[in-house]
4 protein chains.
Amino acid sequence: MARGVNKVILIGNLGQDPETRYTPNGNAVVNLNLATDESYKDRQTGQMVPRTEWHRVVLFGKVAEVAGQYLRKGSKVYIEGRLQTRKWQGQDGQDRYTTEVVVDMNGQMQMLDSRGDSGMGQGSAPAGRPQSSGYGGGQPSQGAPAQSSAPSGGYSQPSQGSMPEPVDDFDDDIPF
Amino acid sequence: MARGVNKVILIGNLGQDPETRYTPNGNAVVNLNLATDESYKDRQTGQMVPRTEWHRVVLFGKVAEVAGQYLRKGSKVYIEGRLQTRKWQGQDGQDRYTTEVVVDMNGQMQMLDSRGDSGMGQGSAPAGRPQSSGYGGGQPSQGAPAQSSAPSGGYSQPSQGSMPEPVDDFDDDIPF
Amino acid sequence: MARGVNKVILIGNLGQDPETRYTPNGNAVVNLNLATDESYKDRQTGQMVPRTEWHRVVLFGKVAEVAGQYLRKGSKVYIEGRLQTRKWQGQDGQDRYTTEVVVDMNGQMQMLDSRGDSGMGQGSAPAGRPQSSGYGGGQPSQGAPAQSSAPSGGYSQPSQGSMPEPVDDFDDDIPF
Amino acid sequence: MARGVNKVILIGNLGQDPETRYTPNGNAVVNLNLATDESYKDRQTGQMVPRTEWHRVVLFGKVAEVAGQYLRKGSKVYIEGRLQTRKWQGQDGQDRYTTEVVVDMNGQMQMLDSRGDSGMGQGSAPAGRPQSSGYGGGQPSQGAPAQSSAPSGGYSQPSQGSMPEPVDDFDDDIPF
DNA sequence: TTTT
DNA sequence: TTTT
């Protein structure tokens, strides 16, 4: 049924609140910006140097709902998914590629904070999601992680921003 | 020493021969284009649909030498590495990002073909490595890999091509 | 839904043909003895020393059927499952424990041999499994796998052998 | 250098404080009893049933020292290691097998509690840890994990207990 | 661009 | 008991 293996395992912290979107069918699609911290020994200096890597994570289905509801900026989380590279068009008409870690029903998401005291919240209401205007409004995610100029994958609401041109032509469920 | 986890596990086949480059220090750096095949059930049709995902893999150190020497187009391989996103400048001066699976001394590479009967070779001498002039000579790897407009990471030889502007400012070992 | 992670990833070769059994409900349960080979540097001698580790793998459901049908002694295989330790009673009435790698619908099995040229077959019919005398008859599997004195988990046919006392009290499906 | 893969990834909580021992060379060897919690759907009742699996984890080297110093009963931890089955002699002279997850310099251990507020410590003051009343004080971890009767692998101090007969014949470092 |  |  499958002739290959494509698996990603991450433990890190969210750089910002999750972004929740919905497919036309009402299914949640959640984007996370996840930082994994490591340190490595610089060969020149012999010093340990911290290295932070930012990952774009996209969750679908039930795990997306849980992530959207309970995770917050700063939350520590375990992610198991698969690598996927999407092609999209830049505003200049050129092809761009964004690689994401996709978590669907074959993946896994585990919250690693004790009692859901995940991040610090700082204004980002943890439940009920009141926060006025909603996601994506105003400045595009100011605590901006890598690849921030990439579109969120076409699962987005009507993109009122100029570019980089989300695909946004979903007339149905995402097909997996 | 590390406060996060960043791990990728792949099993797939090479879409082309490995590309070997060297750092100024003489260390091998090898790029692979690896295809992982899966299939998923299309929700619309109920049919199983094949899905091929292409991955950019970069190997360093000893594992790079082995990969460069024994892997060929078509080779089946197990890869364990970490995700890393590089920023580079497009010819239009805009930032681009490329995500790669980095395999260094903390990663792993396993050849999964029996007896090194990996690919077919087809002009690319699989054993003994005669091919005098070596890699990268002449045209810069015309069998362009996925995201081919991305530079190969600055580990490349003096890039005589116009763009997409390799970074190529390494005066020493890559620092990990 | 889960508050932990329990994952095993193996690539190795079968030490013998798979052992297929059936639950009262007719579901296949397959046992594998899988060898993983590594080598490590002996601190005393500085020499690389090969190390073979043997694993008991138990597959359920569809993946079990595929394994039973296509894998043979010598087959190379990728396994993704979870660790599980079973308690059983030795013939002396004492508790024993056997740890297995369980592969169910949440796990994965990938055959890594090209074209099913896996093992050698050597009399072990690949399909239909006629071989009258075969497994489980008479002496309790004399081609003894690791931890051979452990029962095969109660998924076995009526165990006529004396001991080590399989549990064998399944009146239904295994519950996962 | 290796022709197989043998990898275990666990996230769980310690059932008791770590047990630290030392090799004759003064290297730390730490044993953990780690519980991973999952839940699965019972096919009979359709109910989600919790399932706790206990794992024996053995750490060597630097990671052992960190584990021994900072982990406590209740600590949440990420473990990456390899499976290893040891043979030992029961008091009845019979062979027994214990499967452990070995974490050495090729493995990884990550503490997942915020700020080292891991467990409760119960008398074994780690460092800085005042631990007022503490969890589970009194009897040392009465919720004894699986395989508790297995010897700790010969890395133990002179075993004054009668059985199950630790091997304890190490005259040097463990060889990996 | 691979593989089955 | 496998494999290279």
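Labels below follow one simple rule: chain letters A, B, ... track the order of the sequence lines, proteins then strands, and each chain is numbered from 1.
Nucleotide F/dT1 holds its P atom 12 Å from the OH atom of D/Tyr97, rounded to whole Å. As rounded to whole Å, 19 Å separates atom C1' of E/dT1 from atom CZ of B/Arg51. Atom CG in C/Leu32 sits roughly 15 Å away from atom P in F/dT2 (whole-Å rounding). A straight line from CG of C/Asp37 to P of F/dT3 spans 10 Å, rounded to a whole angstrom. Distance CZ (C/Arg72) to C1' (F/dT1): 16 Å, rounded to an integer number of Å. The separation between B/Leu14 atom CG and E/dT1 atom C1' is 10 Å, rounded to whole Å. Going from atom CG of B/Asp113 over to atom P of F/dT3 covers 17 Å, rounded to whole Å. Here the C1' atom of nucleotide E/dT2 and the NZ atom of B/Lys76 are 10 Å apart, to the nearest Å.
Distances were taken from every side-chain heavy atom of B/Lys73 (C-beta onward) to each of F/dT3, E/dT1, F/dT1; the shortest belongs to E/dT1. For C/Asn33, the listed nucleotide lying nearest its side chain is F/dT1; candidates were E/dT2, F/dT1, F/dT2. Nearest to the side-chain atoms of B/Gln16 among the listed nucleotides E/dT1, E/dT2, F/dT2 stands E/dT1.
Contact check for C/Val77 versus C/Gln110: no side-chain heavy atoms found under the 4.5 Å cut-off.
Counting atom types as modelled, C/Thr52 pairs no side-chain N or O with a base atom of F/dT1 as donor and acceptor under 3.5 Å. Side chain B/Thr36 to base E/dT2: no donor-acceptor pair is found below 3.5 Å.
The minimum heavy-atom distance between B/Ala28 and B/Glu65, with the atom names listed, is CB-CG, 3.8 Å.
Taking the charged nitrogens against the carboxylate oxygens, D/Asp95 and D/Lys87 do have a contact shorter than 4.0 Å, which makes a salt bridge. A salt bridge does not link B/Glu53 to A/Arg82: none of the charged nitrogens lies less than 4.0 Å from a carboxylate oxygen.
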